[in-house]
Structures are given as structure tokens and as C-alpha cells.
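Numbering of ligands and ligand atoms starts at 1, following listing order.
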Amino acid sequence: MAKLKDKLAEQIPNLREEIRSIIKEHGDKVISEVTVKQAYGGMRGVKAMICDTSLVEPNKGLIIRGIPISELTDRLPEEIFYLLLTGELPDKEGLEDLQKQLSEHSKVPEYVWNVLRAMDPESHPMAMLSTGVLSMEKESIFRKRYNEGMKKEEYWEPALEDSIRLLAKLTGVAAGVYRIRFKKGDLIDPDPNLDWGGNYAQMLGIPDPTGNFADLIRLYLVLHSDHEGGNVSANTCHTVGSALSDPYYAVTAGWNGLAGPLHGLANQECLKFVLSIKEKFGGVPTDEQLKQFAWDTLNSGKVIPGYGHAVLRVTDPRFAAFNAFGKKVCADDPVFQIVDKMYQIIPDVLKEHGKAKNPYPNVDAGSGALLYHFGLTEFDYYTVLFSVSRAMGMLSQLIINRAMGTAITRPKSVGTQWIKDNIINK
Ligand code: HAX
């Protein structure tokens, strides 16, 4: 039983039983406490939700179902989706079946293109992606089955079906956003013989005589697929999904968070920063010039994009994977060389500056330079690529939550007066 749905059907009863017994026997034990600083500070570090798809270890980075991301870089993104959901990589039958479903459902309804073409020509590609996918909400099988009165135990099945269909069309919508927004000419039809990532690359229409661009897209989709449950997009998708809003509502809500400059939009900020260095110095700066530029940036009150992380405390292994890819395919590109030089210089500057808890690069520090190298130069588009990938993680988490019967999210908020009365003046 290697097909994704069969595998999940086999696993879910055990998962439910395990959780039922954990809650019954250990439900009142404390796993975290919350300080005043955490309540005012984005709940950083508060352990208050469950996510089984992946884990971010401060000193190791992303681990998907027990496998470090650095060991998954040669896999296809759809294999990662299967892994996120089931905890196992698919065998040949499982992979082929999933690819067949992704291919079968890849046709984007015509009304999506009407919606996207009606948007203002200067709309941000992220707003277009969210709008385009949300316009397909009427296709939701989850909503239809819910309205027909499906049982709670069945929720995960239409959530899975919606998710596969959404992912199947997502690459087409995302490629369409690129071609419409940046006036690249006609839309390119999906090729049913290609894998999910390879097909996305061909629908973007970037010339790719070596096949390296398609490999970059596959790598990109693997590396950004998930980052545990508390980050803005995953947490938002989780919360919206917990109201039993269907996957279309939940995943687009998550993307709207990903569109923020401190989250997914950071990758376009990083490339802007790298290109501004290239322009200022007419190419790759010397070590001294780069060091001074970094200090000038910090002294003017700005952050160094691509460096630091809320959880990580080492070089992000996803950055390391992109850097290794760059060294293989475009080592002589000055934009890539600046990224590589920043990696040599910036951590020491940030350590001396003494503020950032993590002075090392995150995933966004290098990805834009690689896309730019292959001619995908519209950096407003980069967060869309991130979104296509992260949809796999958000949707996996959502399906598992529907399988586990996760309750609607409803933490208790307190006011500043409550803090004064109960903490300060107590
Ligand atoms: N450059 C300069 N200062 C930095 C910094 C950087 N790259 N990273 C952190 N700091 C500063 C913070 O601004 C903060 O300063 P204040 O005390 O004055 O507010 C201080 O160091 C402590 O911050 P932190 O605890 O180390 O980091 P946070 O968890 O608050 O924030 C961020 C994490 C990623 C938002 C932060 O490091 C940052 O702004 N980095 C630059 C933007 C960036 O690369 N974002 C992409 C993150 C990856 C991601 O999630 N992508 O989706």
C-alpha cells in the first residue's frame, strides 16, 4: 500500500489512538510557560502547538520527519510532500501515483486567468497568486462534503483531495502570474510528461538549454517546503484551517503572511541588497569595502537582509545547499560571488555589532542570486516561488490536523491593564 491516500488511511487510526492516549494520560502536564516579554514579543519560544511534519533545530536547521534537509536535496518536491505527510519517502508506485494525480488535475480553470488579467498591471505577484488561487475556492471538495454533513473522521480525505488538486494547479497559476504580470507573452500549457517542479520551470518559459534552471526550481521547491508550525505562514494556515475553512482559504491566508518583508518577502530584499552592492562598487567589492558597506547599513539602522533567524543559530543548511548549487553552476557570476563573499564577511560584522542572536545566513540570502543568474530577474516574483513550495508544508500540516481532529485555535489574550493588575501591582 504505497499510494499516498492508502498509506494515510493505514496510518491515521494509529495516530489518532496515540494522540488520544497521550492527552488522556499526560494532558495536564506543562510543556511551556509564558513570560510577559514573550506575550508582547511574538510568543517567541512558547511551545503551544503541535506540528509533526518537520522540526527546526537551532543548531541543525530543518529536519523533515527525522531527515535533515541536507540529505533531501536530490529528491523531487513531490517526494517531499509524501514524506511530510506520511513520514516516509514514496516508493516507485507511490511517487508515480502522486505524479499522475498532479498531472491529471493540472489544468487551471479559465476564470482564473480572467481574474488575474482584471487585476491592476502593477499588482504584486503575491497578491495575484493569492487572488488567483482563492478564486478557485468554489472547487473545494472539503466545503462541498462539509455542507453535505460529512463525519469528522472523514475530514482528512477531502482535505487531501483538495490539497492535491490545489498543488496540481498551483504551478500553472504561479507560472501564469509570472507571464501575465511581467508581460512574457502567451501562457504555456502544462506538459503531462514532466515532474511537478520540471513542469513549473517549463511553464515559466525561462530558456533552459542545460536543464540547470529546472534543477534549481526543483531544489528551491524542496528547500522551502516546510519549516515547522509556528512561523507566520504555517501558523496562519493552521489557525484559519482550524475553523474548518477549506484548504483554499487556509493556504492563501498563509501566503498573505509569507508576503511580509520579515518572512517570505525577505528573499527579494536580499537580492536588492546584493545588486546595490554590485552597482555601488561596479562589481564584486573587496573584503574591506564590503565590511564597510555592512557597517554603514547597520549604522543607518537597517538590517542586513538574509542574515539572522528567529530560531536558527547556525548557517541555514538550505543556504548551504543553494551555495553549493551556485558553486557548481555559476561560480563566475559576480552576483553569486557577492553572495559568497557576504557569507565570508557578514557573520563577523554581525557578531561584532552584537545584536542579532544569529549572525549567519538564512535561506533567503542566496536563492535570489541563482534565480537572477538564469534570467528570472523580476525579484518581486521570488516570494511566489517560495509560496508554491511552502504550500506543500502548510497543506500537509492542515491534512494531518484534520486527521487528528485538532481543535479550533483560540488562545487567551490579556490586556496591558491585566498585566499591570496581575503581574506588576500584584
Ligand atoms: N541585521 C541587523 N540586525 C539584525 C539582524 C540583521 N540581519 N537580524 C537581527 N537583528 C537585530 C534585530 O533587528 C533586533 O534588533 P532590536 O533589538 O533593535 O529590535 C536584534 O538583532 C535581535 O533580533 P533577533 O532576536 O536576533 O532576531 P528576531 O528573531 O527578532 O528576528 C529576523 C529574526 C529574521 C526577522 C531578523 O534576523 C531580520 O530582520 N533579518 C533580516 C531579514 C531577513 O533576512 N528575513 C528572512 C528570515 C527568513 C525567513 O523567515 N524567511 O521566510
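Atom 21 (O) of ligand 1 is flagged as protein-proximal [any protein heavy atom, distance under 4.0 Å]. Put simply, atom 7 (N) of ligand 1 has protein non-hydrogen atoms near it, under 4.0 Å away. Checking atom 12 (C) of ligand 1 against the protein gives no heavy-atom contact under 4.0 Å. Checking atom 32 (C) of ligand 1 against the protein gives no heavy-atom contact under 4.0 Å.
Less than 4.0 angstrom separates some heavy atom of Ala310 from each of these atoms of ligand 1: 29 (O), 33 (C). Each of the atoms 52 (O) of ligand 1 lies under 4.0 Å from some heavy atom of Gly264. The contact set between ligand 1 and Gly308, taken as ligand atoms under 4.0 Å from a residue heavy atom, comprises 34 (C), 37 (O). Which parts of ligand 1 touch Phe386 is read off a 4.0 Å heavy-atom cut-off, strictly below it: atoms 52 (O).
Annotation: atom 1 (N) of ligand 1 to nearest protein heavy atom, Ile304 N, 2.9 Å. Looking from atom 50 (O) of ligand 1 to the surrounding protein, the closest heavy atom is His263 ND1, 3.6 Å. Here the protein heavy atom with the shortest distance to atom 47 (C) of ligand 1 is Asn362 ND2, 3.5 Å. In this structure, atom 51 (N) of ligand 1 lies nearest to the protein heavy atom Asp364 OD2, 3.0 Å. At the top of the distance list for atom 36 (C) of ligand 1, counting protein heavy atoms only, stands Tyr307 O, 4.4 Å. When hydrogens are left out, the protein atom nearest atom 25 (O) of ligand 1 is Lys357 NZ, 2.7 Å; that is the closest non-hydrogen contact. What sits closest to atom 27 (O) of ligand 1 on the protein, heavy atoms only, is His309 O, 4.5 Å.
The backbone and the side chain of Val303 each have at least one atom closer than 4.0 Å to an atom of ligand 1 (non-hydrogen atoms only). The part of Ala266 lying near ligand 1 is the side chain, judged by heavy-atom distances below 4.0 Å. With a 4.0 Å heavy-atom cut-off, ligand 1 is reached by no atom of Asn231.
When side chains are defined from C-beta on, Lys280 counts as touching Phe293, because their heavy atoms get closer than 4.5 Å. You'll find the side chain of Leu216 stays beyond 4.5 Å of the side chain of Val329, heavy atoms only. For the pair Leu102/Arg165, no side-chain contact is recorded, criterion being any heavy-atom separation below 4.5 Å from C-beta on. Within the 4.5 Å cutoff, the side chain of Val173 has no heavy atoms near those of the Met128 side chain. In this structure the side chain of Ile180 reaches within 4.5 angstrom of the side chain of Trp113, judged on heavy atoms. Looking only at side-chain heavy atoms (C-beta outward), Tyr200 and Leu170 stay at 4.5 Å or farther from each other.
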Practice prompt. Evaluate the criterion side chain to side chain donor-acceptor pair (under 3.5 Å) for residue pair Asn362 and His309; output intermediate values, then yes/no.
Written response: CA-CA 7 Å; Asn362 59 56; His309 200 271; over 6 Å; no
Worksheet item: Where do Tyr248 and Glu139 land on the side-chain contact (heavy atoms from CB on, under 4.5 Å) test, with the steps shown first?
Response: CA-CA 9 Å; Tyr248 294 85; Glu139 315 287 339; 4.0 Å; yes
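Aromatic ring orientation, Phe374 versus Phe213: tilted (interplanar angle from 30° to 60°). Relative ring orientation between Tyr382 and Phe379 is described as perpendicular, the plane-to-plane angle rising above 60° on a 0-90° scale split at 30° and 60°. Using cut-offs of 30° and 60° on the angle between ring planes, the pair Phe319 and Tyr343 is perpendicular.
Between Asn358 and ligand 1, a contact under 3.5 Å exists for no N or O pair. For ligand 1, one of its N or O atoms has an N or O atom of Lys355 under 3.5 Å away. Ligand 1 has no N or O atom lying under 3.5 Å from any N or O atom of Lys302, backbone or side chain. In terms of N/O distances under 3.5 Å, ligand 1 is not approached by Pro305.
Closest heavy-atom approach to atom 44 (O) of ligand 1 among the candidates Pro361, Ala356, Gly306, Gly42: Gly306.
Residue Arg44 places a heavy atom less than 4.0 Å from ligand 1.
Taking a 6.0 Å sphere around CE of Met404, one finds it holds more than 12 heavy atoms contributed by other residues, nucleotides or ligands.
Between Asp97 and the choices Gln101, Gln99, Lys100, the side chain to side chain donor-acceptor pair (under 3.5 Å) rule is met once, by Gln101.
Using a 4.0 Å cut-off between charged side-chain N and carboxylate O, Lys7 and Glu88 make a salt bridge.
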